[in-house]
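Since the structure comes first, as structure tokens, the remarks are kept for the end.
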2 protein chains.
Amino acid sequence: MSDERRVRILNATRELLLHYGYDKTTVSDIAQAAGVSKGAIYLHYPSKDALVEALLWHDADRAQQEIARRLQADPNGGSFTSLYVHGLRVAMEMPLLRAIYGNRQRVFGDVFKRLAPNFSNQAIRAAVIEFIRKYQALGLIRADIDAKVVAYMLAYMRYGLLTIEDVIPSDEAPPLDAVLDLLVDVLDRGFAAAGGDTAAGRSAYIAYAENAINTVRSQWESTKVEEEEDHE
Amino acid sequence: MSDERRVRILNATRELLLHYGYDKTTVSDIAQAAGVSKGAIYLHYPSKDALVEALLWHDADRAQQEIARRLQADPNGGSFTSLYVHGLRVAMEMPLLRAIYGNRQRVFGDVFKRLAPNFSNQAIRAAVIEFIRKYQALGLIRADIDAKVVAYMLAYMRYGLLTIEDVIPSDEAPPLDAVLDLLVDVLDRGFAAAGGDTAAGRSAYIAYAENAINTVRSQWESTKVEEEEDHE
DNA sequence: GTTTGACCAAAATTGTCATTCTGGTCAAAG
DNA sequence: CTTTGACCAGAATGACAATTTTGGTCAAAC
């Protein structure tokens, strides 16, 4: 019940998943690393899968909050570019979220297939497109380009950056700051419209962010498969 | 010996590799699909691995030529942007080359690991950086940005576009033309310098292209592992 | 000189069974 | 009321043999 206990369990889980991967991480390992008994884990979470799922939501929420915090602190926080790049930086800094793209199989095994085999990101992508349209209406993104194509380009740039280390070892890559600085530069030149209402952009983001996480969550819930307990 | 025969074999190999993958494609299958006997294949190629390797070089050469052809036909062919995008379009259109990134395991099995386990793209990346510097000197790319970071950004954008279909099914993606048009637009705004000597750019590319393929080839040769024939 | 396909050794696959491991439970301890 | 860890059934793993497949060869046909 203690919250600190729960966080310790989640942290241990994250660490072991990243290091050993789902298949080679046993619940006993997690218990030991967290300094609790195995039974204690089942006091908090009904199954190993549920534990991993809870960890993912936990990190997603943290990321969400962290992005919002940085945008508030950023004087330029309402611009489209800073929004995109703050999100990207946070994603780059949270290895577990990165692993959803880059090392899903190794880190998560078949949890995704097992929990929500029919999950589709279509609804989320649609929400992004709507958001881009709103930003275009606010004069924060050039209005002469198709929002769908913009969304697609943002998606593959993000995906490329999150997974490029499969091809370029991270120790041979330029520093993340330099990479993101150039990205900001190019995005500003390529997408941003002159002028535009950044204050409105900031509040549009807040609405979007809540909506987005709800979209993900409801999409997840609706495609989620109930844990079967088939004893016969 | 007949060249047409060899091409038929290569085409059959490509088709089967893409459809069934390396492990599930037998040499007999290839022979049958190509309409020759199994022995005929070993008349042209010393082993299955060598056949696949030859196919890859064959396609790489074709891609190389095709890119050069399109650049010649393009009135804007000397610009950095058209160079990058022509290359990308050709890569997108040649599924086998795409598969090197996107479906390596499925399509090629362990050929890469077996043939050149220590292959590194470092030398190629260095050549790209040099090329970007040359383009900067010619006034075709903004000179105020670090060539290394530019190269990295181009790499992850390319990688993202080539592999995004893992995340966004290709039938839900915008048309390739629209995607590449926006890419040209954004790259022009983000990277291109005003003015610049496009004629020199075109000839710089020719030098670069030869150099690049040689770099790949020599890197490949030097890390290549000899087919062992260990009978004891 | 070419081309073929039957042939072979090596490798991969399948099936089986014994053993170990691991997610999850619950009676007992605190 | 909380927490624990010994315990259990079912799943995963490994070892082994029988069977099939497959990359590669070469004597024979053309």
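To the nearest 0.5 Å, atoms CZ (B:Arg62) and CG (B:Leu10) are separated by 9.5 Å. Taken from OG in A:Ser47 to OH in A:Tyr45, the straight-line distance is 11.5 Å, to the nearest 0.5 Å.
When each of D:dG24, D:dT3, C:dG23 is scored by its nearest atom to the side-chain atoms of A:Leu43, the top-ranked nucleotide is D:dT3.
Residues of residues 32-40 of chain B having a heavy atom closer than 4.0 Å to DNA chain D, listed by number: B:Lys38. Near DNA chain D, meaning a heavy atom under 4.0 Å away, there are no residues from residues 10-31 of chain A.
One can place CD of B:Glu53 at 17 Å from P of D:dG23, the figure rounded to the nearest angstrom. Put simply, CD1 on B:Ile41 is 18 Å from P on D:dC26, counting in whole angstrom units. Atom C1' of nucleotide D:dT3 and atom NE2 of A:His44 are separated by 10 Å, given to the nearest angstrom. The nearest whole Å value for the distance from the CG atom in B:Asp49 to the P atom in D:dG24 is 7 Å. If you measure from atom NZ of B:Lys48 to atom C1' of D:dT22, you get 8 Å, rounded to the nearest angstrom.
Using cut-offs of 30° and 60° on the angle between ring planes, the pair A:Tyr135 and A:Phe131 is tilted. A tilted orientation is assigned to the rings of A:Tyr208 and A:Tyr205, their planes being inclined by 30° to 60°.
Between its two ends, the helix from C:dG1-D:dC30 to C:dG30-D:dC1 turns its axis by 30°, counting five pairs per end and rounding to 10 degrees.
A salt bridge is defined here as a Lys NZ or Arg NE, NH1 or NH2 lying under 4.0 Å from an Asp or Glu carboxylate O, and A:Glu130 with A:Lys148 fails to meet this definition. One finds no salt bridge joining A:Glu66 and A:Arg89 here, because no Lys/Arg side-chain nitrogen approaches an Asp/Glu carboxylate oxygen to under 4.0 Å.
Taking the six-membered ring wherever Trp is involved, the centroid distance between the rings of A:Tyr159 and A:Tyr101 falls below 6.0 Å.
B:Lys48 forms a cation-pi arrangement with B:Tyr22, by the criterion of a distance under 6.0 Å to the ring centre and an angle within 45° of the ring axis.
Between B:Arg14 and the choices B:Val52, B:Leu55, B:Ile30, the side chain to side chain contact (heavy atoms under 4.5 Å, CB included) rule is met once, by B:Leu55.
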